[in-house]
2 protein chains.
Amino acid sequence: MKNPTIVDVAKHAGVSKKTVSRVINDESGVKPETRNKVLASVKALNFTRNPFGLSLARKRSFLVALIYDNPSPSFLVGLQSGITTACQARNLGLYIHNCDYQSASLVDDIEQMIDRTMVDGLILTSPVSDQQPLLRRLRERNIAFVAINPSDDSQGLSVRVDHFSAAKAMTRHLLDLNHQRIAFIKGHPDLFSSIRRQAGFREAMTESGITIDEDLVVQGVNNFESARIATQQLLQLPQRPTAIFASNDEMAVGALYELNKTGLKVPEDISLAGFDDIPVAAHVWPPLTTIKQPFGEIGHTAASMLIEQFQHKNRKNYHSSNLINGQLILRESTSRNKA
Amino acid sequence: MKNPTIVDVAKHAGVSKKTVSRVINDESGVKPETRNKVLASVKALNFTRNPFGLSLARKRSFLVALIYDNPSPSFLVGLQSGITTACQARNLGLYIHNCDYQSASLVDDIEQMIDRTMVDGLILTSPVSDQQPLLRRLRERNIAFVAINPSDDSQGLSVRVDHFSAAKAMTRHLLDLNHQRIAFIKGHPDLFSSIRRQAGFREAMTESGITIDEDLVVQGVNNFESARIATQQLLQLPQRPTAIFASNDEMAVGALYELNKTGLKVPEDISLAGFDDIPVAAHVWPPLTTIKQPFGEIGHTAASMLIEQFQHKNRKNYHSSNLINGQLILRESTSRNKA
DNA sequence: CTGAAAGCGCTTACAG
DNA sequence: CTGAAAGCGCTTACAG
């Protein structure tokens, strides 16, 4: 009843276990005849290679770890889906680890996880991907990793969305609709994406010759509640904005909620735009104009880069940065300003 | 530069490796003096136990696998969070596997995953937890698993939400608001939760002496789009319902969208209720009356039961079923029927 | 309370 | 093209 091992297969096929090893690893230089004999025995005994023996000998876990801290559900699920697709194609597994990026023991926490699993590589999401002490330590220990949306992509592997250009395109869209008093709800200050989106907004405004009214630029922290507060703040202004651009969809939904509550109509009274294209964006009323971030693609690209690196063992200062474009999605929450 | 092994620690401490093994495994019967010597060497060499050696000798991976097929993001993230909390407390890791529950090769797919990782146990989400050929095979191979929301909880480990009572409570809430023509949008027919929620709805209606108008019971498949279609269907009826109870929040949001589009006001023209309490439920306008499913608790309970079982090796026909209550959350999408 | 030997199931390095 | 030996880093079973 015990699982058959490579030795059982060897006996059954009348060869040495080294030959069995060669066959199951698809190494060249085995006589076709011998190979077939082994393959037949593998099938007959229903043999599957024990992963622990493999890992011990090869010093590899065949596992990729995804590290995150409290991301939005849609982002996480999209990411995981892209990653598992990339992993399953190469017979690698996905290990999940959530952490607290602000914790003083972040480095220890991650190192412990690594020591306990010996994962082949890490995928770090923002803002974990910005914790320099952690990145330093990983480089010291020569542990492969890819950073998603890091502030600094000058070293190692990274995948980023072009938040800047996308935010600029969205702002232009609002400008084209004759909006001038455009409010911007900023995202969480620790996120690279927040900084770049704001920069894109500012550049589009400036390029079109508008001096930004700083009262219209308010702080949020990427969640619903913060956007409600930010929106209340905007609505108390002596002169209301004609459009609001929120740094992510969850905040746009928060703004929409507050506008609804106040009795203002979107887009008739005020236009509203978000960023991310999470499912909700298309499900609220009116559906939101936003920027689509291809979460699945981000995950797939990150995983592929990472795997490419540790499979080929060329780790020495390998550097590669991948930029992915967001896409403007026009829905019904933005319209021409008639003022 | 190589990682120190148990042998290095043994040399450093002047003991045998077996003694080191005893100490790091917290076995009793080591002289305190010896123990301290070993502990000092562990610290001095910065030793961490290699997981592959451990796994090979113990024939355990110290990994729990979560198996799912396309769940709602909020559900998955909540579940993962509860599971990782339970796992991290016992130094276990979480492995992620998504699958296609309708695939003909589901059993092979899962078995391959098991053979490749030798996970200690599986957490199966609905409707994977209802695939009898898979469950049979897992029992045959004596692989520990816990089923979340299975239709049949007569064997093995399971965690279920009391969908029936919760749906009944929601229906009563609508009845108490003087609604009689209550529509029900059914969930995906393959899900146990859908069946039980519908049954709860029916029982509450019947108990209050109402004969259900079957035109008001329409099919959905748990997603936004299906609920839009179902709602259109309801609105074309000669006599409109005064309230709609959707089997989950995503469908309630779909209904809300369609009502908005038609120009009907919630709850003034029609009341609306959902089920799940995903974040969106509180973020749409008006915020939805719904049933809160404690996703984190479900994950935590499932993981704890599973771990309890395989840690104690008392696998023989162990049976335990855990029922978790949903909670009625009253928000602004339901109000008294004035007709 | 401690240790020497054998074993877990693979691969690596070498020999022929 | 194939195999015997040693090794990966632990634990189990046994002896003292």
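- In terms of position on DNA chain D, the residue among B/Thr48 and B/Arg22 whose nearest nucleotide sits closer to the 5' end is B/Thr48.
- Atom CZ of A/Arg136 sits about 8.5 Å away from atom CZ of A/Arg139, to the nearest 0.5 Å.
- Closest-nucleotide positions on DNA chain C for B/Pro32 and A/Pro51 were compared, and the one nearer the 5' end corresponds to B/Pro32.
- Of the candidate nucleotides D/dA6, D/dT11, D/dT2, D/dT2 has the atom nearest to the side chain of A/Lys31.
- Rounded to an integer number of Å, the gap from CD of A/Glu27 to P of C/dC10 is 14 Å.
- The side chain of B/Thr19 places an N or O atom within less than 4.0 Å of a non-bridging phosphate oxygen (OP1 or OP2) of C/dG3.
- Atoms CG (B/Asn50) and P (D/dT11) sit 10 Å apart, rounded to a whole Å.
- D/dG9 atom C1' lies 14 Å from atom NZ of B/Lys18, rounded to whole Å.
- Note on B/Lys17 versus B/Asp8: no salt bridge recorded, every NZ/NE/NH1/NH2 to OD/OE distance being 4.0 Å or above.
- For A/Phe52 and B/Phe52, the ring centers are positioned 6.0 Å apart or more.
- Between A/Arg141 and A/Asp115 there is a salt bridge, with a side-chain nitrogen of the basic residue lying less than 4.0 Å from a carboxylate oxygen of the acidic one.
- Listed nucleotides: C/dG3, D/dG9, C/dT11. Nearest to the side chain of A/Leu56: D/dG9.
- B/Leu157 contributes atom CG, which lies 12.5 Å from atom OG of B/Ser129 (distance to the nearest 0.5 angstrom).
- Neither OP1 nor OP2 of C/dG9 sits under 4.0 Å from any side-chain N or O of A/Thr5.
- Residue B/Lys59 has a polar side-chain atom (N or O) positioned under 4.0 Å from OP1 or OP2 of C/dG9.
- Distance, A/Ile6 CD1 to D/dG3 P: 12 Å, rounded to whole Å.
- Rounded to whole Å, atom P of D/dG9 lies 8 Å from atom CG of B/Asn3.
- Residue contacts shown for B/Val7 are absent, as no nucleic acid heavy atom lies under 4.0 Å away.
- Here the side chain of B/Leu54 is nearest to one of D/dT2, D/dC10, C/dT2, namely D/dC10.
- At least one side-chain nitrogen or oxygen of B/Asn25 sits closer than 4.0 Å to the OP1 or OP2 atom of D/dT11.
- Protein atom CZ of A/Phe52 is 12 Å distant from nucleotide atom C1' of C/dC10, rounded to whole Å.
- Rounded to a whole Å, the NZ atom of A/Lys17 is 11 Å from the C1' atom of C/dG7.
- Residue A/Thr34 places at least one side-chain N or O under 4.0 Å from the OP1 or OP2 atom of D/dT2.
- Nucleotide D/dA4 forms no Watson-Crick or G-U wobble pair with any nucleotide shown, as no partner meets the under 3.5 Å limit on both distances.
- At least one side-chain nitrogen or oxygen of A/Arg49 sits closer than 4.0 Å to the OP1 or OP2 atom of C/dT11.
- The closest side-chain donor-acceptor pair between B/His319 and B/Asp153, if any, does not fall under 3.5 angstrom.
- Under the Watson-Crick or G-U wobble criterion, with both distances below 3.5 Å, C/dA13 has no partner in any strand shown.
- Rounded to whole Å, atom C1' of D/dG3 lies 16 Å from atom NZ of A/Lys11.
- The shortest distance between the side-chain N/O atoms of A/Ser21 and the OP1/OP2 oxygens of C/dT11 is below 4.0 Å.
- The base of D/dT12 has none of its N or O atoms less than 3.5 Å from a complementary donor or acceptor on the side chain of B/Arg58.
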